[in-house]
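These notes concern the structure reproduced below.
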Amino acid sequence: MSRELAKTYDPQEVEDRIYDFWLSGGYFHAEPDPKKTPYTIVIPPPNITGQLHMGHALDETLQDILIRWRRMQGYCALWLPGTDHASIATEAKIVEAMRGEGVTKEEIGREAFLERAWDWKKKYGGRIVEQLKKLGSSCDWERERFTLDEGCSKAVREVFVRLYEKGLIYRGERIINWCPHCKTSISDAEVEFSEHDGCFWHLRYPFKDGSGYISLATTRPETMLGDTAVAVHPDDERYRDLVGKTLILPLVNREIPLIADTYVERDFGTGVVKITPAHDPNDFEVGLRHHLPVINVMDDSGNINENGGAYAGLPALEARRRIVEELEKQGFLIKVEPIKHNVGSCYRCGTVVEPRVSKQWFVKMKPLVGPAVKSVLDGEVRFVPDRFEKIYDHWMENIRDWCISRQLWWGHRIPAWYCADCGETIVARDEPHICPKCGSKNLRQDEDTLDTWFSSALWPFSTLGWPDQTDDLKYFYPTNTLVTGYDIIFFWVARMIFSGLEYTGKAPFNTVFFHGLVRDAQGRKMSKSLGNGIDPLEIIAKYGADALRFTLVTGNSPGNDLRFSTEKVEASRNFANKIWNASRFILMNIDGHDVKNELPENLAVEDRWIVDSFNRVVGEVTENLEHFELGIAIAKLYDFLWDEFCDWYIEIAKIRLNSEDGAAAQAARQVLVWVMTGTLKLLHPFMPYITEEIWQSLPHEGEAIMISPWPEYDPSLCFPHAAAQMRSIMDAVRAVRNRRSEMNVPPSRKARLSIAAADQETFRTGAAILERLAYASAVEVGSEFDIEGAVTIVTPDARILIPMDELVDRKAELERLTKELASAQKQYENAQAKLGNEKFTAKAPVSVVEGVRQNAAKLQEHIALLQSAMEALK
RNA sequence: GGACGUUUAGCUCAGCUGGUAGAGCAUUCGCUUGACGUGCGAAAGGUCAUAGAUUCGAGUUCUAUAACGUCCACCA
């Protein structure tokens, strides 16, 4: 043995050493290799401000499993890592930090602010990367990218210019979602709606001619300051004659028209809507149709601006209070009705979003949507699970133009310049110095930056060198699998798809593998505010990265959320320990012997069985991985290693290992090494550290398990006869153990077994196994035994007698036999009923009918055996 | 308002293209069995949410219903 192994696996001692070993071997690095097929995954870039959380841990684990598996299969596997500059989140953090120093970003100015931001990036951007490494992620760190680095920025400018030239990017006054806290516009996708308690204020607006009032209701009375019309439905009998009249806006005393528009629902409220084009998306549309003035009454902090007259400077809510008060005083308030309604808030900071007209840059979506929808429909991009295709499709079909400009400094500055002299807008890849229209040198760049997701959308190809046709791009693009949570399907996945199609002509990946959210043990979302988050790094420190990875993948199915609990991690840790000890056992037994990792010439029945079983697992696990059924794959490996290999094969192998027969012992050693090595390989993508550590100690060829070939299903390793024989033997072992346990016979008390079976050869072969595992002092096999007062155990293939009469309560024994007989008879009747059913025998497949027939025959025998056993007891 | 998901052993969940239900944890009983008590052996525990339909046969397909959850829309 190369070195003494500890009784329990110590991940702390192993992980960093192994990770360094992989790094120094350069195994994570991928170079285009024409002899290989590429397999590429780009990482969903974590925010530089972020700390590793369970969501990342799950995401990275799934990716690492896929990439390690494909690498072992011989693909040129590239997992491209990187980070996202996360404009809003990062800028907010820096502003927050500056608040501590008592400075604002306006005070220090753009340049100084960006300097701070880059310092921040240098300081914290590396943190999350180091955390990813702790998980065992086999990313190609030589290719690490950042969304603001030179290459990605070049791609961003290229895309912006191309879209602008195509007319797909435009600048205009539109209603957008404004976050008064972040002081920037945000896209529709970045608004989260939730139900709030609110009020419905019923107001009356007087006609100018003094002919009375019209009543309407609003949830946001303060916006009345910006009202420029009141609308009714054109077919509404109640108001038809009034359309066209002029109203006097209360408090403001502005004359506004009563207009007709089909947007108004006649059945809702009074069927009358006040129109505030500057602060409501629908009203804005109405305003466009009716050429209404747009009066913006709110500034960028959410306060009423100079257009609000007496209310200027007040925060919106305060203005609301005073306006309602004043309306009531002047008799314009009819009533206040409490209601529940949905309010949109900023997904970053939670502040209530104000719809507001503002001059922004937009991407025209309609022309981009078509190909993106088609690519998913046609299967060029496949979603796993496929139910997300429908969600994607629905979103795409109803998408509105994408507001991409942000009033932030940290990000890609919009490559647009304005001529101060002639007003010309110049959009260019490189900074222009002269206005092409008037020759002025007085150019000023747009102050705004782009939505973070604008650059993320390019990630699969900007990271590979696009727009240049680099060798990397040609070889690794399009990528293969995108692994991500369903929560960013709109933010990111959809945008990558239409971007990839538009700029590269190809979908950026062929499969999107969605996983769910990691929740706490009670099923709640892990969040900072709840304080219920579990730090993956603490779990790694305590239980090991392999245990964490195992926990995250086991029992997990695509697209479904999973609950995380330390109990599960403990079970995973125990499994790692089981692998460790199985290996320790093997290492102890091969110590001092020359054992190669190959199967021996002559395989015993148990060897053929375990090899057959292993081979089956190879086939199944590989297939499961191909279908992204990682949870099923790992469950099969768990069962195989623990139940079949450890609990049965190793126990059986001890017979030969402890025997005088040197050749037999050597054969057992070889099979142990061969199966263990193969199993470690299958486990490696899931639990990379422990498998590498053990593999290095076992007889092996090659440098590392992580670059060793993935096992392949081999038809020549199928041994159905041996498998059936072992089933008979194992059934017998279990039956004997069961009976002994029921009779409270301790393992130390051995007893003779007499086995009567049709297939005597199988039980002669298995005699030694029965002796060891069924605590037999001796085993005799024959066609029939008649032992006075023996305990009879009946298995599907044998009748086993144990002369233990003195230990047995005859009456109890008779009772249990009666019970067992009844159960067997019922099963037999069921089978007979099926076979007697002509519809069944005629319509069911032959193999199924034959199976039932054989089962019936066995049951018949079983019943006979039980009956004779009962006779003998009486 | 629309769409989707979940509902299987006490708890957490698997269960692929239909052939009489599985795991982990918890529970009960027994065991220092020369790798492992982070272990070994055994047991108990389920009319697979409800009602129909298709089928020789349904946890598995279809249709309704209920509860819980998610997403989208947002009628002021």
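Labels below follow one simple rule: chain letters A, B, ... track the order of the sequence lines, proteins then strands, and each chain is numbered from 1.
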(request) Would you please confirm or rule out a distance under 4.0 Å between OP1 or OP2 of B/G24 and any side-chain N or O of A/W642? (result) no
(message) Could you check whether the side chain of A/R573 and the base of B/U38 have a donor-acceptor pair of N or O atoms closer than 3.5 Å, going by distance alone?
(response) yes
(message) So, OP1 or OP2 of B/C36: does either fall under 4.0 Å of a side-chain N or O from A/K7?
(response) yes
(message) Categorize A/Y263 for me: base, sugar-phosphate, or nothing, with a 4.0 angstrom heavy-atom threshold over every strand shown.
(response) base
(message) Whether A/K274 contacts B/A76 is assessed here as follows: a side-chain N or O lying under 4.0 Å from the phosphate OP1 or OP2. Is that the case?
(response) no
(message) Please classify the nucleic acid contact of A/F490 as base, sugar-phosphate, or nothing, using heavy-atom distances under 4.0 Å.
(response) sugar-phosphate
(request) Kindly state whether the ring of A/F686 and the ring of A/Y638 have centres lying under 6.0 angstrom apart. (result) no
(request) For B/G69, take OP1 and OP2 only and decide whether either is under 4.0 Å from a side-chain N or O of A/K525. (result) no
(message) Under 3.5 Å for both donor-acceptor distances, Watson-Crick or wobble: does B/U70 have a partner, and if so which one?
(response) B/A3
(message) Tell me the interatomic distance from A/R563, atom CZ, to B/U6, atom C1', rounded to whole angstroms.
(response) 11 Å
(request) Look at the side chain of A/N342 and the base of B/C74, then say whether one donor and one acceptor between them are separated by less than 3.5 Å. (result) yes
(request) Considering only NZ, NE, NH1 and NH2 on the basic side and carboxylate oxygens on the acidic side, decide whether A/R220 and A/E354 come within less than 4.0 Å. (result) yes
(request) Please check if the distance between the ring centroids of A/F513 and A/H515 is under 6.0 Å. (result) no
(message) Has A/D280 got a side-chain atom pairing as donor or acceptor with A/T276's backbone, closer than 3.5 angstrom?
(response) no
(message) For B/U65, give the paired nucleotide (Watson-Crick: N1-N3 plus N6-O4 or O6-N4; G-U: N1-O2 and O6-N3; both under 3.5 Å), or none.
(response) B/A49
(request) Ignoring backbone atoms, test whether A/N574 places a side-chain nitrogen or oxygen under 4.0 Å from the OP1 or OP2 oxygen of B/G39. (result) yes
(request) State which of B/C72, B/C36, B/C4 makes the closest approach to the side chain of A/H394. (result) B/C72
(request) Would you mind telling me which of B/C71, B/U70, B/U33 lies closest to the side-chain atoms of A/R519? (result) B/U70
(message) Quiz question: going by heavy-atom distance under 3.5 Å, is there a donor-acceptor pair between the base of B/C4 and the side chain of A/K390?
(response) no
(request) Output the single nucleotide from B/A76, B/C75, B/G19 whose closest atom is nearest the side chain of A/F840. (result) B/G19
